[in-house]
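Each remark here refers to the structure printed beneath this line.
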Amino acid sequence: AQFIADRPAIPSRADDAAFLLEQLLRGRGLPDATVTWSIPNPNLIVLEVDEGPASFLGEVRVEGAETPEQTELLAEQFRSAHIRGGQGQGRQVPYQPNLDAQGVSNINDYLNSIGYWDATVELKDTKRNASTNEVSADLLVRPGPLHKLATPTINSTQTVDTELLELLGSVGGQVADTETIKKTRKSVDDHYREHGYQYADVRMNATHNAGVTQLTFTVDPGRQFRVGNITLKGVEDTDPGRISRRFDRFHGQYYDVDEVNKQVNRLYGTGAFKSLQFVEHPREDGYLDLTLHVDEGKPTGYYLYGGAGSYEGFILGAGYYHRNLFNRLYSFRAQAEYTGIGLLGDVQLSNPFFLERDLTATARLYILTREREGYDKTELGLNFSLDWRVNEHYRLEGHFNNAIATITSTGIPTEDLGPTDYGVHVLGVTQSFDFREAAVANSEGFLGRLTTDLGFTLGDTSVGFLRTEGQGTYYWPW
């Protein structure tokens, strides 16, 4: 609108202005609104509006759904088309007749996605209540049979191995929803990639008939490759061996780009690189050479931060980091923090590839002082941890935490303070479980964590203890 207002009044610009306003009004619950224009002088566009009757989406009735819950789900699918298309006031959803077809399509797509591939959806009628300006919609749904998967078939230019045939055989009889079909397609793709067929052309066709869904795969595997030579280019400061040893395990193995990229992502995780890019060089003897182009980033930096909290009062902090210490990808961090209740000094050193494995070893030394009402506390700690991502679903972390504390009186009688000098030593393990389909998107799946610690205190009185803490969450997107 501002673009139009800032320019001379001409017919094409006036027509654009009328169109934009008309669409805006229809999205606000005026589906019959019309806008006409005139140009009384070269600097003025006049828009005349005929709003017509207001209309908002009212009750959506669905006939033919199998359960009350499904009835409401299908009604929501119809409503969603109008919700996305309009901007109503409060809880009112503008009704736009041109979006009815999208609402019907939404219902049909949803039924297909849960396995009703023969479903039909019909918008039987819409009625407007003049007193409430609400339009009710009546829909008829015929879901048809719930489809089950037949054993998928595969046509390939090469012999299909038994492992893949067994995998496809296990799919037969499952509900033919889109999730299962997508997983089946992915399992076929993954099978060929994991066996060195990185350039395999995999195509899938689905036919739906009489409650049965037949998946047919047509595959041209292409050439099978094993990993040959791996060379580095662009390395300047980092010890080349620290990078190349991440890929030693792949020499002579079937080339699986996903597994190679996992190690690339591990290197990215150190924060020492701007970019890491593999270039593939296929050879006639069935091997594929790889060249890793490395662009190193600036490894060092400083940072400052500040804030305030209801408990700590003011907060001021500063720190220094080095993400490629000794040119071996060690991560070092030193931080100091001053608050209204004390000081924190913290130094941490991590080795992301301990023993040249996918293990992260971390040592942390800290000192913490706190000024409480009636007493002060000083704590010195030294912690060690070893983190191992066993697979994509399971992570294991062992830790050994040690702390020595001293308490001094600033008002409370010493005899009322309890132990004033003591140490706490804890040996423990944390197990993490992540069965979500995609961690970033928080898709459906279980996420859990279980920590078990065995520890003891040393001081005037020594106490041993065993503690465990667990938490679990199941993500279920609506």
Side-chain angles (χ1 to χ4, degrees), residues 73-74 77 102 104-121 141-226 253-262 278 280 282 286 288 391-393 435-445 475-477:
L73 278 172
L74 298 182
Q77 293 296 323
Q102 182 60 54
V104 169
S105 178
N106 287 354
I107 295 176
N108 196 72
D109 290 345
Y110 172 75
L111 289 170
N112 289 168
S113 73
I114 61 175
Y116 293 97
W117 292 99
D118 294 331
T120 60
V121 183
V141 173
R142 300 181 181 89
L146 180 63
H147 281 233
K148 298 294 182 69
L149 283 170
T151 300
T153 59
I154 183 165
N155 301 316
S156 175
T157 56
Q158 298 181 14
T159 302
V160 181
D161 64 53
T162 304
E163 179 184 350
L164 180 56
L165 292 175
E166 290 178 351
L167 186 150
L168 294 176
S170 66
V171 174
Q174 296 186 35
V175 174
D177 54 37
T178 54
E179 181 179 1
T180 303
I181 291 173
K182 286 166 61 178
K183 285 182 177 179
T184 304
R185 166 63 190 262
K186 183 177 183 302
S187 66
V188 175
D189 283 332
D190 289 347
H191 176 84
Y192 281 98
R193 303 293 184 267
E194 291 167 2
H195 288 76
Y197 296 98
Q198 291 306 307
Y199 307 110
D201 181 13
V202 179
R203 303 187 184 189
M204 184 189 75
N205 181 57
T207 57
H208 313 283
N209 184 38
V212 176
T213 294
Q214 178 68 59
L215 303 181
T216 302
F217 291 91
T218 302
V219 180
D220 179 5
R223 294 180 61 192
Q224 186 181 42
F225 286 101
R226 293 181 181 269
Q253 302 298 313
Y254 288 130
Y255 177 51
D256 184 346
V257 68
D258 292 334
E259 290 300 315
V260 171
N261 282 336
K262 286 180 182 179
F278 265 117
E280 302 170 347
L288 186 143
N391 54 48
E392 60 180 328
H393 301 299
F435 289 92
R436 293 172 296 172
E437 292 181 5
V440 175
N442 280 341
S443 56
E444 184 175 354
Y475 287 87
W476 191 2

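In what follows, residues are counted from 1 in the order of the sequence shown. Predicted model, so just to flag it, every value in this text is computed and none were measured.
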Would one find more than 12 heavy atoms of other residues, nucleotides or ligands at under 6.0 Å from atom CZ of Arg223?
yes

Distance from Ile114 atom CD1 to Leu146 atom CG, nearest 0.5 Å?
7.5 Å

At their closest point, which heavy atom of Gln198 faces which heavy atom of Asp256, and how far apart are they?
NE2-CA, 3.3 Å

What orientation do His147 and His208 show, parallel under 30°, tilted 30 to 60°, or perpendicular over 60°?
perpendicular

Under the 3.5 angstrom rule, does the side chain of His195 hit a backbone N or O of His191 as a donor-acceptor pair?
yes

Find out whether Trp117 and Thr178 are in side-chain contact, i.e. whether some heavy atom of one side chain is under 4.5 Å from a heavy atom of the other.
yes

N-O pairing of Lys262 and Glu259 below 4.0 Å
yes

So Phe217 and Thr184, do their side chains get closer than 4.5 Å, heavy atoms only?
yes

Min side-chain heavy-atom separation Val121-Leu111 under 4.5 Å
yes

By ring-ring contact (aromatic ring centres under 6.0 Å, His included), which residues pair with Tyr116, not counting sequence neighbours?
none

May I ask you to test the Pro145-Asp118 pair for a side-chain heavy-atom distance under 4.5 Å?
yes

To the nearest 0.5 Å, what is the distance between CG on Asp201 and OG1 on Thr218?
9.0 Å

Testing the basics here: between Gly169 and Thr151, what is the closest heavy-atom pair and its distance to 0.1 Å?
CA-CG2, 3.9 Å

Close side-chain approach of Pro221 to Thr157, heavy-atom, < 4.5 Å
yes

Which distance, rounded to the nearest 0.5 Å, do you find between the OG1 of Thr120 and the CG of Asn108?
8.0 Å

Quick one: does Thr207's side chain get under 4.5 Å of Val212's, heavy atoms only?
no

pair Leu215-Ile181: side-chain heavy atoms closer than 4.5 Å
yes

For Glu280, give me all partners under salt bridge (charged side-chain N to carboxylate O under 4.0 Å, His left out), at least two apart in sequence or on another chain.
none

Rounded at 0.5 Å granularity, tell me how far OH in Tyr255 sits from CZ in Arg193.
11.0 Å

Heavy atoms of Ala150 and Gln214 approach each other most closely as CB-OE1, 3.3 Å

Evaluate Phe225 against Tyr199 for side chain to side chain contact (heavy atoms under 4.5 Å, CB included), listing each step before the verdict.
CA-CA 9 Å; Phe225 286 101; Tyr199 307 110; 3.7 Å; yes

Do the non-hydrogen side-chain atoms of Ser156 and Tyr192 ever get within less than 4.5 Å of each other?
yes

Distance in Å, Lys148 NZ paired with Gln174 CD, rounded so as to fall on 0.5 Å steps:
10.0 Å

Flag, side chain of Arg185 to backbone of Arg203, donor-acceptor distance under 3.5 Å:
no

Counting heavy atoms not belonging to Asn209, are there more than 12 under 6.0 Å from its CG?
no

How long is the gap from CD on Glu194 to CD on Gln253, to the nearest 0.5 Å?
13.0 Å

Can a donor-acceptor pair be found, under 3.5 Å and without considering hydrogens, that links the side chain of Thr180 to the backbone of Ala176?
no

May I ask you to decide if the ring planes of His393 and Phe435 are parallel, tilted or perpendicular, using 30° and 60° as cut-offs?
parallel

